[in-house]
Structure formats: structure tokens, C-alpha cells
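Computed from heavy atoms alone, side chains included, the values below leave out hydrogens, waters and symmetry copies.
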Amino acid sequence: MTAPGPAPARGYGLEVLPVGGWAATVASRLCHRLMERPGLRVCLPTGDTPTPVYAELVARERRGEVSLAHATVVQLDEWAGLPPGDPARCDARLRRELIDRLAAPPVFVSIDADGPDDEAAALAHDSAARGLDLAVLGLGMNGHVGFNEPGSHPDDPTRLVRLAVSSREAATSRYGADSTPTAGITVGLARLLEAEECWLLVTGERKAQVLRRVLEQPEGLDCPASYLRRHPWLTVFADEPAASLLRKG
Ligand code: PGA
């Protein structure tokens, strides 16, 4: 596949936050969006990055400061081939950390990775991922967002993908999967770029190099997250260690 042509630079917002205040700030922004638009359709990731944001959100919901009762949460990605009880399953983690802890949960549109046909599940989820108000994303060490691994194209729809070796390893070594998945289903870059608003969440010094690649070098197939700079309303929420290699100012 040839590399897509250059896109007009549109600019993005970058918020560099202290480690101690990062999750509270991101959760506050999410609360504001929910208050402005109670029926928010938001695509949410799993992984270690958003976990403290979800804890903040749950605490605020329990205090009656925000409600997700009218919102719709669309799952960003899922491993293919992990059984429902596997601790690494993205749907289980999202339920465990957010959905099931809310007094009044949102509609949760999960990816059906348990059926006989993953391609069909991906196609169905592609429809669900259209018309998002907000796409919230983590950043992989290899520049992936969701399971849009290196080589992914900005026109890619939601689809079944082969996982990069680093993602396979993360399943077992970081997220505790019982077996190593080799494929996944992910909302595609096309749907993410169509969302009205897009957030990229990045924490920790280990992400500093890849964040610099995402923001300060030309977009390219080697780094799918770099295509998010095409988004007309992208905000990057980075903690100070993650932002430590970015150009000042
Ligand atoms: P992490 O994963 O939030 O656990 O660092 C992000 C990703 O690989 O997409």
C-alpha cells in the first residue's frame, strides 16, 4: 500500500499536566462534555492510561456531580480469541473500571468478539462507531491507537487486524491474558477522524519518545497516531514525564 498524501496541518491542543493532577483534569473535561451533552456518544479505550480517569469519573458520579445515564459508550477495541472470562478482555476491563461501578450506567456498545465471525462483528461495530461526539484514545509504544497498528491507513474502517508483536506481548505480560491473542478488532482511524472531537491520553516517561514522534515528525504509516493531527479538534492530554521530550513552547 502506498503512503497516503500529505494532509493540511490543522494544529491541535496540547495540555501538559502535573502527574498528580492529570487524571482529575481529564475527568473534569469529560464531566463538562457530559453536562453540555448528556447523550454524549463517546468511544473509550482500555489500558493502564485511562484507569485513573475512570476512577475519578466514578467518584464524581457517585457524588452526584455527573451522570452518564443518557450517554453511549462505544468500545474502542477488543482482542480476538480471548474467552469471555479472560482478565485481559477489553470489554470486561471497561465494565470493571467504569460501566459496572456507575450508579446509572450508560448504554455500552461492546464489540462482539465471541461470535463465529469476527469480520462480521467488526463490520457491525463500524456502524456503531459512526457519528461519535468524542473519541478518547491511549497511545501505544509503537504509535498505535486502538489496534490500529503501524501500517494502518487513515481511511481504515473498523476491522479485524493482525496484532503487532508488542501488542501480543502486552496482552499476557501487562494485562494478564491467559493466552496470547494474535488478532484484534479495532475502531478504525477513519471513524476516529470522523468523531467531532478527539482526545489522546498519554502518561509516563516511557511514552515520551513516541509522543514526540506523534507530534513533531511528519505523519506516516509507521506511526498511526500521527494521523490524528489531521483531526480538526484534537486535544493531547500529556503528563509532564510524557511531554518531557517535546519542544518547549
Ligand atoms: P496503556 O496502553 O494505556 O496500557 O499504556 C496503551 C496502548 O497500548 O494503546
query = Under a single-linkage definition using a 4.5 Å side-chain heavy-atom cutoff for Ile, Leu, Val, Met, Phe, Trp and Tyr, are M141 and L201 assigned to the same hydrophobic cluster?
reply = no

inquiry  = I'd like to check Q75 versus C90 (side-chain heavy atoms, cut-off strictly below 4.5 Å). Are they in contact?
reply    = yes

request  = Scan residues 203-216 for pairs that pass side-chain hydrogen bond (donor to acceptor under 3.5 Å, both in side chains), counting only residues two or more places apart or in two chains.
outcome  = R213-D222

inquiry  = Restricting to non-hydrogen atoms, name the atom on A122 and the atom on L160 that form the minimum distance, rounded to 0.1 Å.
reply    = CB-N, 3.8 Å

request  = Could you grab the distance from atom OG1 of T25 to atom CG of D239, nearest 0.5 Å is fine?
outcome  = 11.0 Å

request  = May I ask whether L163 and L76 are part of the same hydrophobic cluster, defined by side-chain heavy atoms of I, L, V, M, F, W, Y residues being less than 4.5 angstrom apart, directly or through others?
outcome  = no

task = Taking the side chain as every heavy atom from C-beta outward, state whether V109 and H125 have any atom pair closer than 4.5 Å.
result = yes

message = If hydrophobic clusters are built from ILVMFWY residues whose side chains come within less than 4.5 Å, do V107 and L132 share one?
response = yes

ask   = Under the side-chain hydrogen bond (donor to acceptor under 3.5 Å, both in side chains) test, which residues partner H144, sequence neighbours left out?
value = N142, E149, S167

query = With the threshold set at 4.0 Å, does a side-chain nitrogen-carboxylate oxygen contact exist between E78 and R89?
reply = yes

message = Could you work out, with ring pair (Phe, Tyr, Trp, His ring centres under 6.0 Å) as the rule, every residue matching W22, not counting sequence neighbours?
response = none

task = Indicate yes or no: at least one non-hydrogen side-chain atom of T49 is less than 4.5 angstrom from one of V202.
result = no

message = Which heavy atom of V214 sits nearest to which heavy atom of C223, and what is that distance?
response = CG2-SG, 3.7 Å

remark   = side chain to side chain contact (heavy atoms under 4.5 Å, CB included) with P106: of V73, V42, L40, only one passes, and it is V73

inquiry  = Between R230 and E219, is the salt bridge (charged side-chain N to carboxylate O under 4.0 Å, His left out) condition met? List the steps.
reply    = CA-CA 9 Å; R230 296 183 176 197; E219 65 174 33; 2.6 Å; yes

message = Testing the basics here: between K248 and S244, what is the closest heavy-atom pair and its distance to 0.1 Å?
response = NZ-O, 3.9 Å

query = Does the side chain of L192 reach to within under 4.5 Å of the side chain of L137, using non-hydrogen atoms?
reply = yes

task = Supply the atom-to-atom distance T182 OG1 to W79 CH2, rounded to the nearest 0.5 angstrom.
result = 11.0 Å

query = Which distance, rounded to the nearest 0.5 Å, do you find between the CE of M35 and the CG of L30?
reply = 10.0 Å

query = Of all residues at least two apart in sequence or in a different chain, which pass the side-chain hydrogen bond (donor to acceptor under 3.5 Å, both in side chains) check with D117?
reply = none

message = Measuring only between side-chain heavy atoms, which start at C-beta, is D155 closer than 4.5 Å to L189?
response = no

request  = For side-chain contact (heavy atoms from CB on, under 4.5 Å), just list the numbers for L57 and C31, CA-CA rounded to whole Å, side-chain angles, deciding distance to a tenth of an Å, and then say yes or no.
outcome  = CA-CA 8 Å; L57 200 55; C31 290; 3.7 Å; yes

note = Sorted by chain and residue number, the salt bridge (charged side-chain N to carboxylate O under 4.0 Å, His left out) partners of E240 (sequence neighbours excluded) come out as none

message = With a 4.5 Å cut-off on side-chain heavy atoms, are S179 and L82 touching?
response = yes

remark   = Residues at least two apart in sequence or cross-chain that pass salt bridge (charged side-chain N to carboxylate O under 4.0 Å, His left out) with D126, listed by chain then number, are R130, R191

task = If a pair satisfies ring pair (Phe, Tyr, Trp, His ring centres under 6.0 Å) and one of its residues is in residues 176-203, list it, with sequence neighbours excluded.
result = W199-F237

message = Closer than 3.5 angstrom, by distance alone: can the side chain of Y227 be matched with the main-chain N or O of A190 as a donor-acceptor pair?
response = no

key: V145/L228 under side-chain contact (heavy atoms from CB on, under 4.5 Å): CA gap, chis, key distance, verdict   = CA-CA 9 Å; V145 282; L228 298 179; 4.0 Å; yes

key: Under 3.5 Å donor-acceptor, R159 side chain and P157 backbone   = yes

key: Rounded distance (nearest 0.5 Å) linking atom CZ of R93 with atom CG of L44   = 13.0 Å

task = State yes or no: do I185 and F108 share one hydrophobic cluster built from I, L, V, M, F, W and Y residues joined by side-chain heavy-atom distances below 4.5 Å, directly or via other members?
result = no

query = Mind checking what makes side-chain hydrogen bond (donor to acceptor under 3.5 Å, both in side chains) contact with R33, not counting sequence neighbours?
reply = E197

request  = Spell out, as yes or no, whether a donor-acceptor pair under 3.5 Å connects the side chain of T186 to the backbone of F147.
outcome  = yes

ask   = side-chain hydrogen bond (donor to acceptor under 3.5 Å, both in side chains) with T180: which residues, sequence neighbours excluded?
value = none

task = Report yes or no: do L211 and L245 belong to one cluster of Ile/Leu/Val/Met/Phe/Trp/Tyr joined by side chain heavy-atom distances under 4.5 Å?
result = no

Which pairs would a plain distance check flag for residues 169-176, meaning a side-chain donor or acceptor within less than 3.5 Å of a matching protein atom at least two apart in sequence or in another chain?
| from | atom 1 | to | atom 2 | distance (Å) |
| --- | --- | --- | --- | --- |
| T172 | OG1 | E169 | O | 3.2 |
| S173 | OG | E169 | O | 2.7 |
| R174 | NH2 | D48 | OD2 | 3.0 |

key: Pairwise distance CG(L14) to CG(L215) - rounded to 0.5 angstrom   = 6.5 Å

query = Heavy atoms, side chains only, cut-off 4.5 Å: are R29 and V26 in contact?
reply = no

query = Just how far is it from atom CG of L68 to atom CG of L98, taken to the nearest 0.5 Å?
reply = 6.5 Å

key: Sub-4.5 Å side-chain heavy-atom contact between T46 and D77   = yes

message = I need the minimum non-hydrogen distance between T158 and A129, along with the two atoms involved.
response = OG1-CB, 4.2 Å

query = Which pair of non-hydrogen atoms, one from P45 and one from L94, has the smallest distance, and what is that distance?
reply = O-CD1, 3.8 Å

request  = Of all the heavy-atom pairs spanning A128 and R41, show the shortest one and how long it is.
outcome  = O-NH2, 2.5 Å

task = Could you pull out all residues at least two apart from D86 that satisfy salt bridge (charged side-chain N to carboxylate O under 4.0 Å, His left out)?
result = none

message = According to side-chain hydrogen bond (donor to acceptor under 3.5 Å, both in side chains), does anything in residues 56-67 pair up with another residue at least two apart or in another chain? List the pairs.
response = S28-R60, E56-R60, R63-E65

